[in-house]
Amino acid sequence: MSKILLIVSDLLTQLNDSQREAVVHTEGPVMIIAGAGSGKTRALTYRIAYMLEKGVDPFSVLALTFTNKAAKEMKSRIMELVGSDKGRNVWMGTFHSIFARMLRVEGHLLGYPQNFTIYDSDDSKRLIKSITNELSLDTKVYSPSYVLHRISGAKSNLFSAQDYCNNTDITNADFSAGKPMIGEIFKMYNTRLKRADAMDFDDLLFNTNVLLRDFPEVLYKYQHKFKYVLVDEYQDTNYAQYLIIKRIAALNENICVVGDDAQSIYSFRGANIQNILNFKIDYPDNQLFRLEQNYRSTKTIVNAANGVIAQNKDQIKKTVWTDKENGELITLLRASSDNEEGTLVANSIFGFKMSKQLPNNSFAILYRTNAQSRSIEEALRRQGIPYKIFGGLSFYSRKEVKDLLGYFRLVINHNDEEALLRIINYPARGIGKTTIERLQVIANEQNRSIWELIEHPLELQQEFNKGVIIKLDDFVTKIKSFSVQMKTKTAFDLARHITTSVAIVADLKEDDSPEGVQRIENIESLLNAIQEYSEKEPVIDEETGEAIKENTLQGFMQDVALLTDADNDKEENADRVVLMTIHAAKGLEFPYVYIVGVEENLFPSIQSLGTRAELEEERRLFYVAITRAELKLTISYAESRFRWGTPTLCEPSRFIEEIDAAFIEQPRKKISFQANKPYSIPQTPKLAKNLKKLEIEPMSLSEPFESSESDKLEVGMTVLHQKFGQGRITDIEGAGANKKATVAFAAVGNKQLILKFAKLRIINEN
DNA sequence: GATTGTGCCCTTTTT
DNA sequence: GGGCACAATC
C-alpha cells in the first residue's frame, strides 16, 4: 500500500501543474490541448502509468497513436515506469494495427476470413488501374492515385460505394470534373477487394465501424473490454476514426484525447480538425487541460513559431511559452541552385560539428517533398557527413521485397489477386501476358478469383493448350506445397525455403551491377527480419490465452502492410544526420534543424494554394517544422531548382516573411556569384572544395554580381543573367515587387523572371 | 513469350 | 531524372 502510494506520488513529482492535473483526472472525458514541445507524450504516458499504478487493469486500456513508432516508444516508457508485466498488456498501437487485429477476430461476421490480406496503397492503385483499363477508360483522366484519393476520402467519411453513387453532390462533382465513372470504379474495386479476401487501409476503419454499428454483441464486447480510451494526435483523426472512438467510449466515457490543432497536417488524407473542436459538444461534461509551457526550444524558436501560426484564422486560442534562454537567431541561407543549397547546408553542419564538437545525430534536415533529398544527400556525401534518410521509397515497397512478400502473401491467402499477378510469372515460368489476361477475363465473368480457376486446371482445357495448363498446375502445386508447410515450419525456415525454391536470388544474381547487389542485400535483410521475428517469444493474450502472434509466417505477415520505414530502423541510435519530410518529423525533436527548400510553390506546395484552408495547413506544417528545433534553426531556399528535369526559377516562400525579422540573423554579406560564368554556377567538386576552405563562410566567393535597377529595364534591352547568360527582353508586365520580364535567352530560350529576385544586368540598351 | 528500347507522364505530404 | 507502358525484335 505505502509502496504504491510512494510510486504514484513519485510519478507526479516529475510533472508540472497542468500536466499533473491532466494525469490525475482519469475518469470521464478529458481533452488535453498540448502545444508543441509541451510534454504531451509525457503527460499521456504518465497518465497511463498512473492508472496502472492505481490498479486499473492494463487489458482495459486502449491507447491509439498515429504511428507504430510512437506506440512502441510510449509502451516502453510505460514499462519503464510501472514494470513490463503491467505495461506490456496495454492495448497500444495505431488505429490501423489495433483494428486490423480486431478484424482478424471478428471479420468473419462480415464475410472475411481470418487470414485476409491488407492491401497497401500500391496494391490499391494497381487494382484501380486494371479496373480502369477493363472499363476502357483513359488512365490519364482516371489516374489511379486520384481515383484512390476519392475512394479513400469517401471511405474515411463512411460512405460505401453505394452511398457514393447515390449522393448527388458527389456524383455532380465527379461529373463536372469530367470523371463521372469514379463511382462505378469504386463499386468494382470493392467487389474485387472482397473477392481477393483483402481490405485496403480505409477498409480497416470502415469495416470496424460496420461491425460496431451492426453487431451489438461486438459493440458490447469492446465497450466492456476497453474501459479507458486514450487517443494521441487527435487533431489528425478522420471521421471513421472519430466514430470508432465515440462508439467504444460511449459506455464508460473514460476518454482522453490529446492534440494540438496547430499541428494538424493530415487533412489531405481526411483528418478533420472539427473532431477536436467538437469534443466539447460531444462530451459536455468534459475537462479541458492546456499544456502551454514548451520545454523543447529556445525563446527565439518558440516566439518565431508563435508569430507564424498566429496568421492562421482557424485555431484554438493558446499561448505557448518557454522559460528557456533566447538562444541563437534563425539563420537564413540563400542558394542559387538546389545543389548549392545542399552544399551550404552540409557546410553549415560541418561548421557546427567542428566548432561545437557535436555528433551527427544532433542535426536534422527537413523538407516538404521526398524528391528534395537527392541534392542534399549528394552534398552530405561530398562533405563526408554520415546521414540516414527516412521515408521515400520505403523498404517494403522496393520491387524485390514486394516480389518475395508476394509469395508469402499468396501462400497465406490464395485469393490475394495482386500478389498472384505480381509473381505468377516472376521469376519467368512461361505464363505470359496473354494467358494472364485471358485468366482475368474468365475470372471477371465468373466472379471467381484467378486462383480458383487455376486450382482446377482440367476445367480450363478448352481455354488453354496443354503446355500452359501444365505450367499453371506446377505453379499451383508449388504454392500449395508451401502452404502445407506453414503449420510445421517457423516463419524463417519457410521464408528461406520459398526464397531458394522459387530462385528469386538466383534471378537477381544475373545482374551484378551495384543495384543488383543491393537488391540481393534487401532480400537478405528481409530474411533477417523474419529470422529475428521467428526467434522472439510468441505473444499470448493473457486474458484469453489465445496466441495473438505466433512465430509463423502468417504471424509475421499480419502487420507488414502497416509498417513504414520509420518503424523499421535498427540503427536508431546510430550517429547520423537525419533527413526526412516534415510530416515524418512530427513528434520528433532535434537540437539543430534545417528546413530546406522554403520556396513559393514548393512550400507552400503549388497544389495547396487554391483555398485558405489548404494554405493554412501548409502554414501549420511550417509551424511543425520550426518547432522541431531545440537550439538552432536554419532555413534555406534556392533561387533555382531542378524540377521535372529542367531548371526552374524559384522565389523565397511567403513563410519566411511571416517570421518576425527580429528573430532572423541578418546576413553579414550578400551571397553572390561571379557574373561571367553563365551556366556553371556552383556545382560539384570544385565548389565544394572552395567552400571547404572557407569553412562555413560560403558567402564571399568573388565579386558581387551587380544587378541593374529593375525599373531601368525596358523591352528590347539586352541583359545578362547570372545563370541563364545573355538574353533580350521581349516583354515587361506588373509593377513593384511583382514586376516581371520575359526574356529570350540565347542558351535556354524564353523565361519569365520576377525582377525582384532575378539579377539582370543591362549590357545593351537598344 | 521474353527482352530491349523509346517516349511519356510525373511530384505533395502517409496509415 | 526515373518509372512505366507500348513497340519492335529475337
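When reading the values below, keep in mind they use all heavy atoms of this one structure, side chains included, and skip hydrogens, waters and symmetry mates. Note on naming: letters A, B, ... go to the chains in the order of the sequence lines (proteins, then strands), and numbering restarts at 1 for each one.
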Within this structure, what is the CZ-to-P distance between A:R620 and B:dT13, rounded to whole angstrom?
18 Å

Interatomic distance where CD belongs to A:E233 and P belongs to B:dT15 [whole Å]:
12 Å

Just jot down the side chain to side chain donor-acceptor pair (under 3.5 Å) partners of A:S636, sequence neighbours excluded, or say none.
A:E341

Among B:dT15, B:dT14, B:dA2, find the nucleotide with the atom closest to the side chain of A:A584.
B:dT14

Restricting to ring pair (Phe, Tyr, Trp, His ring centres under 6.0 Å), what partner residues turn up for A:F66, sequence neighbours left out?
A:Y266

Where do N or O atoms of nucleotides 5-9 of chain C meet protein N or O atoms at under 3.5 Å, pair by pair?
from: C:dA5; atom 1: OP1; to: A:K129; atom 2: NZ; distance (Å): 2.6

Using atom CD of A:Q235 as one end and atom P of B:dT13 as the other, report the distance to the nearest whole Å.
20 Å

Please give, in whole Å, the distance from B:dT13 P to A:Y367 OH?
10 Å

Please determine, for the side chain of A:T435, which listed nucleotide (B:dG1, B:dT12, B:dT13) has the closest atom?
B:dG1

Ring pair (Phe, Tyr, Trp, His ring centres under 6.0 Å) filter on A:F99, not counting sequence neighbours, yields none

Listing time: all N or O pairs from protein to nucleotides 8-11 of chain B that are below 3.5 Å?
from: B:dT11; atom 1: O3'; to: A:Q607; atom 2: NE2; distance (Å): 2.5

Please identify which of these residues, A:L148, A:T132, A:V147, meets the side-chain contact (heavy atoms from CB on, under 4.5 Å) condition with A:Y189.
A:L148

With A:Y239 via ring pair (Phe, Tyr, Trp, His ring centres under 6.0 Å) - residues at least two apart:
A:Y242

Residue whose closest nucleotide on DNA chain C lies nearer the 5' end, A:R374 versus A:R126:
A:R374

Whole angstrom is fine here: how far is it from OH in A:Y426 over to C1' in B:dT3?
15 Å

Ring centroids of A:F268 and B:dT12 base under 5.5 Å with planes under 30°:
no

Residue pairs involving residues 90-99 of chain A (criterion salt bridge (Lys or Arg N to Asp or Glu O under 4.0 Å); sequence neighbours excluded)
none

Describe the nucleic acid contact of A:N425 in one word from base, sugar-phosphate, nothing, applying a heavy-atom distance below 4.0 Å.
sugar-phosphate

After noting the C-alpha distance and the side-chain angles of A:R619 and A:E614, does the key distance pass the salt bridge (charged side-chain N to carboxylate O under 4.0 Å, His left out) rule?
CA-CA 9 Å; A:R619 190 176 285 116; A:E614 284 174 329; over 6 Å; no

A:T434 or A:I265, whichever maps to the more 5' nucleotide of DNA chain B:
A:T434

Side chain to side chain donor-acceptor pair (under 3.5 Å) filter on A:E600, not counting sequence neighbours, yields A:R654

Side chain to side chain donor-acceptor pair (under 3.5 Å) filter on A:R150, not counting sequence neighbours, yields A:Y164, A:D174

Quiz item: cation-pi between A:K402 and A:Y396, 6.0 Å / 45°
no

Reckon A:F95 touches a base, only the sugar-phosphate, or nothing at all at heavy-atom distances under 4.0 Å?
nothing

Side-chain N or O of A:N68 versus OP1/OP2 of B:dT15: is the shortest distance under 4.0 Å?
no

Distance, rounded to the nearest Å, where A:N370 contributes CG and C:dG3 contributes P:
14 Å

Between atom NZ in A:K125 and atom C1' in B:dT14, what is the gap in whole Å?
10 Å

What is the distance, rounded to the nearest whole Å, between atom CZ of A:F201 and atom P of B:dT14?
12 Å

The residue, A:R429 or A:D202, whose nearest nucleotide of DNA chain B is more 5′ is A:R429

